[in-house]
> 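Here it is, the structure in full.
Chain identifiers are assigned alphabetically (A, B, ...) following the order of the sequence lines, protein sequences preceding nucleic acid strands; residue numbering begins at 1 within each chain.
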There are 4 protein chains.
Amino acid sequence: MQSRSSAARATGRPRSAAADAAILEATRAALVELGWSRLTLGDVAMRAGVAKTTLYRRWAGKNELVVDAVAELFDELELPDSGSLAADIEGVVLQFAAILDRPEAKSGLMAVVAEATRDEALRERVRASIVDRQKRLVLEGRARAQARGELPVEDDPAAAAATVDLIFDMVAGAVVHRTLVSAEPVTEDWARRFAQMLLQGLTNTSPA
Amino acid sequence: MQSRSSAARATGRPRSAAADAAILEATRAALVELGWSRLTLGDVAMRAGVAKTTLYRRWAGKNELVVDAVAELFDELELPDSGSLAADIEGVVLQFAAILDRPEAKSGLMAVVAEATRDEALRERVRASIVDRQKRLVLEGRARAQARGELPVEDDPAAAAATVDLIFDMVAGAVVHRTLVSAEPVTEDWARRFAQMLLQGLTNTSPA
Amino acid sequence: MQSRSSAARATGRPRSAAADAAILEATRAALVELGWSRLTLGDVAMRAGVAKTTLYRRWAGKNELVVDAVAELFDELELPDSGSLAADIEGVVLQFAAILDRPEAKSGLMAVVAEATRDEALRERVRASIVDRQKRLVLEGRARAQARGELPVEDDPAAAAATVDLIFDMVAGAVVHRTLVSAEPVTEDWARRFAQMLLQGLTNTSPA
Amino acid sequence: MQSRSSAARATGRPRSAAADAAILEATRAALVELGWSRLTLGDVAMRAGVAKTTLYRRWAGKNELVVDAVAELFDELELPDSGSLAADIEGVVLQFAAILDRPEAKSGLMAVVAEATRDEALRERVRASIVDRQKRLVLEGRARAQARGELPVEDDPAAAAATVDLIFDMVAGAVVHRTLVSAEPVTEDWARRFAQMLLQGLTNTSPA
DNA sequence: CGTTAATCGAGACGGTACGTCAGGTCTTCAC
DNA sequence: GTGAAGACCTGACGTACCGTCTCGATTAACG
């Protein structure tokens with residue numbers, strides 16, 4: 001989405017705010033029914049009760065549209081306060097897996113990532129809308145664990161940031177790979193074993 | 001690829017064996033230049049010096065073709081015998097990341113995974129050609145580590161298999177996520193930190 | 001060609017009128033160069049500087065397009081007022097033969113007739129666009145001859161209509177057969193002999 | 001069809017004579033079911049229980065094959081000896097129309113004529129296999145009429161030949177045009193009127 | 001309160017690729 | 001060498017979406 005040069009224009013008919021929401025919703029509905037590759041912008045426009053022109057005026061193409069439509073899904077994620085770091089990890093893993101299991105997410109996410117490998121701007125959009133946005137969960141989890149005394153406070157801010165990135169890639173990566181590549185379900189048992197293994201790594205690793 | 005029911009073969013001109021190889025090679029070349037979404041089967045056929053019909057006679061579509069073309073890439077992976085489990089992990093992670101960094105792999109792999117979310121047959125093909133095939137690395141690594149006494153021998157075969165799956169998803173997932181989703185490079189430093197963290201999990205986790 | 005229900009026209013971009021003319025002209029040019037069987041709609045579209053879809057939006061296929069393109073050719077025909085029925089017939093026969101000798105006509109006309117044998121709608125289109133349209137020549141010729149007193153006025157309108165049809169089939173049939181089936185030229189001599197023979201039939205036949 | 005250098009070869013397996021007949025019969029059957037444009041040589045080969053190769057070894061292509069298949073149909077035509085020239089003409093017209101009404105004839109004949117407009121060799125084949133072959137009917141009819149005294153004997157052989165050609169084009173042309181272009185049935189009434197009109201031309205025209 | 005200008009819907013436009021089909025040729029093995 | 005089988009290359013098919021364009025018809029804010 002784009003706001004047309006911040007301190008915006010005045011004259012002329014303003015853009016319909018409702019259209020944006022309708023389009024994103026229609027995009028998700030189309031992802032559910034058709035998946036990424038069979039989704040067409042013409043179809044999305046029709047579902048949203050909007051002309052194709054209107055859609056193209058707001059998004060550059062399929063990729064950008066789907067990033068925005070999918071990104072909203074991950075905002076539902078919340079870190080459960082379960083009292084222990086292990087339980088927190090387990091909880092967030094299960095939540096994440098539940099979202100990834102929804103067809104509008106699984107079908108769109110990987111496709112957009114695939115496209116992003118050849119499109120710097122899209123890569124940046126994915127990073128901003130999805131990756132960086134959900135790192136909040138790792139940060140929050142670490143803060144809580146440190147408050148509880150489960151994790152030491154890292155002094156070097158650069159090392160701390162690197163650890164956050166590493167943990168994020170490990171958690172998100174494992175869940176995504178399990179769900180989409182291996183195509184096996186993330187069961188409670190799997191989540192528990194994963195959390196346990198990660199915890200050992202976290203607590204016993206001297207910050208190199 | 002398909003062998004036409006093993007002991008079939010009776011009549012008619014036999015299929016050119018050279019064509020198969022040329023097509024897969026052309027597919028990878030096209031992936032490098034164009035990426036998944038701009039790759040067309042017509043173009044692949046032309047590059048391979050083959051008619052479109054020949055291509056369609058052997059593969060059902062773009063998805064199936066690309067799975068086969070990409071799967072071959074991962075066969076290069078070898079577990080380095082570096083003397084310690086940590087070094088083995090680090091080594092394979094760097095190798096894996098190097099392959100994933102090649103445009104023919106990154107562009108194709110995620111796209112195929114995305115398509116597989118809506119296509120059971122394709123999912124099975126990915127599992128057979130890529131996932132299960134590369135689990136050999138985890139199995140071999142574990143065997144070596146057990147021989148060295150770095151890892152205990154698990155008695156329960158079911159639990160052992162679950163661990164293999166878990167480790168595979170964690171390693172592959174982390175590298176894929178780092179490379180393609182976070183879009184950050186897998187440096188030697190990152191690989192060392194990751195290996196260290198995983199190792200802690202492996203050696204300190206009581207097989208629940 | 002179709003006018004979309006005359007008083008329709010409400011919304012959307014209107015169809016380009018220029019495109020229609022360009023397409024028909026390109027069709028005739030392609031008929032000259034390639035003939036019916038080698039003519040492709042893709043090529044016609046390219047010649048006309050138009051997208052294939054534009055062409056298919058207006059005509060259902062090659063047959064319909066060629067009927068329209070060829071029909072226009074016969075509109076050039078004019079009944080010469082030469083003072084006698086014999087000369088009138090002779091003149092129109094030579095004109096007709098001249099048109100049939102042009103490659104865009106000979107190549108397209110028979111092919112369309114061949115297709116029409118299996119396609120009722122096409123048959124109707126040929127009848128409307130070509131046959132009925134050119135019967136005007138027979139009607140006009142008869143009127144003049146009656147004015148000159150060369151032919152009696154038939155009283156029974158049904159019999160008169162049947163005679164018109166018969167004459168039309170005899171004239172057009174003979175010229176077409178001579179030109180396309182026998183593949184011999186229609187010379188002035190042939191036209192004179194034909195006109196003479198027909199005239200005898202016309203003037204001496206008691207209207208059964 | 002071609003006979004391989006008259007005083008033919010010896011060595012190798014001889015061509016199956018049955019195949020020729022089967023192919024021509026299959027061609028006619030395919031014309032009935034599919035018409036010219038949808039008829040495919042692959043399909044004909046299958047119907048005839050013959051390989052495509054066999055078919056191509058004997059005919060150069062679709063056009064040549066269909067000419068041969070259709071030409072046989074017209075060999076059925078026979079001049080009825082009805083006692084008067086008018087009745088003879090009427091009879092042959094009705095016979096000819098009956099053949100032209102059969103789908104294997106109407107669909108194939110015009111298509112072949114259309115192709116022949118751009119193919120000298122094909123034109124020659126049509127002339128030899130169909131046109132010249134059926135002129136026998138006109139010749140025979142004239143001879144009988146002369147024997148009966150209905151027609152004078154023409155002295156100039158060139159003029160006589162020209163008249164035969166003219167009559168042939170007039171008869172065949174009118175019937176073909178009526179049947180295929182105007183797409184109206186040739187009724188007994190039409191045939192009678194046509195014969196009458198032609199007769200007047202024949203008997204009253206001084207051989208210019 | 002009537003301009004004014006960007007919005008909206010609709011749908012035609014020039015393109016590109018699709019997956020299929022037929023035409024003819026070539027290669028294999030059996031006769 | 002003929003024959004059936006079927007793979008091969010070529011090229012056209014008719015369709016589907018793409019992203020752009022041209023319409024006439026709404027809207028608001030501005031003047």
> Flag the pair C:R47 and C:E33 as a salt bridge only when some basic side-chain nitrogen lies within less than 4.0 angstrom of an acidic carboxylate oxygen.
yes
> Is any side-chain N or O of B:R13 under 3.5 Å from a base N or O of F:dC8, one able to act as donor and the other as acceptor?
no
> Expressed in angstrom and rounded to an integer, what is the separation of D:R58 atom CZ from F:dA4 atom C1'?
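Taking atom C1' of F:dA4 as the reference, CZ of D:R58 is at 13 Å.
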> Pick base, sugar-phosphate or nothing for D:L39, based on heavy-atom distances below 4.0 Å to the nucleic acid.
sugar-phosphate
> Do C:K106 and C:W36 meet the cation-pi criteria used here (NZ or CZ under 6.0 Å from the six-membered ring centre, within 45° of the axis)?
no
> Can you work out whether B:S16 or D:V50 has the more 5'-proximal nearest nucleotide on DNA chain F?
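Residue closer to the 5' terminus by nearest nucleotide: D:V50.
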> Check the phosphate of F:dT15 against C:R57, side-chain N and O only, distance under 4.0 Å to OP1 or OP2. Yes or no?
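Answer no for this pair, as no side-chain N or O of C:R57 is under 4.0 Å from OP1 or OP2.
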> Under 4.0 Å between a side-chain N or O of C:T54 and OP1 or OP2 of E:dG14?
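So the side chain of C:T54 is within the cut-off, an N or O lying under 4.0 Å from OP1 or OP2 of E:dG14.
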> Under 4.0 Å between any heavy atoms, over every strand shown, what does D:T53 touch: base, sugar-phosphate, or nothing? Just pick one.
base
> Any salt bridge linking B:R125 with B:E120? Criterion: basic side-chain nitrogen under 4.0 Å from a carboxylate oxygen.
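Salt bridge absent between B:R125 and B:E120.
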> Tell me the interatomic distance from A:L41, atom CG, to E:dG11, atom P, rounded to whole angstroms.
18 Å
> Taking any heavy-atom pair under 4.0 Å as a contact, classify B:G61: base, sugar-phosphate, or nothing.
nothing
> Kindly say if A:R38 contacts the phosphate of E:dC18, meaning a side-chain N or O under 4.0 Å from OP1 or OP2.
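For A:R38, the contact criterion (side-chain N or O under 4.0 Å from OP1 or OP2 of E:dC18) is not met.
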> A:L65 pairs by side chain to side chain contact (heavy atoms under 4.5 Å, CB included) with which of A:L41, A:L39, A:V70?
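Exactly one pass, corresponding to A:L41.
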> Give a yes or no on whether a donor-acceptor pair under 3.5 Å exists between the nucleobase atoms of E:dG11, that is its base, and the side chain of A:K52.
no
> On the nucleotide E:dA10, are OP1 or OP2 found under 4.0 Å from the side-chain N or O atoms that C:R15 carries?
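Indeed not, no polar side-chain atom of C:R15 lies that close.
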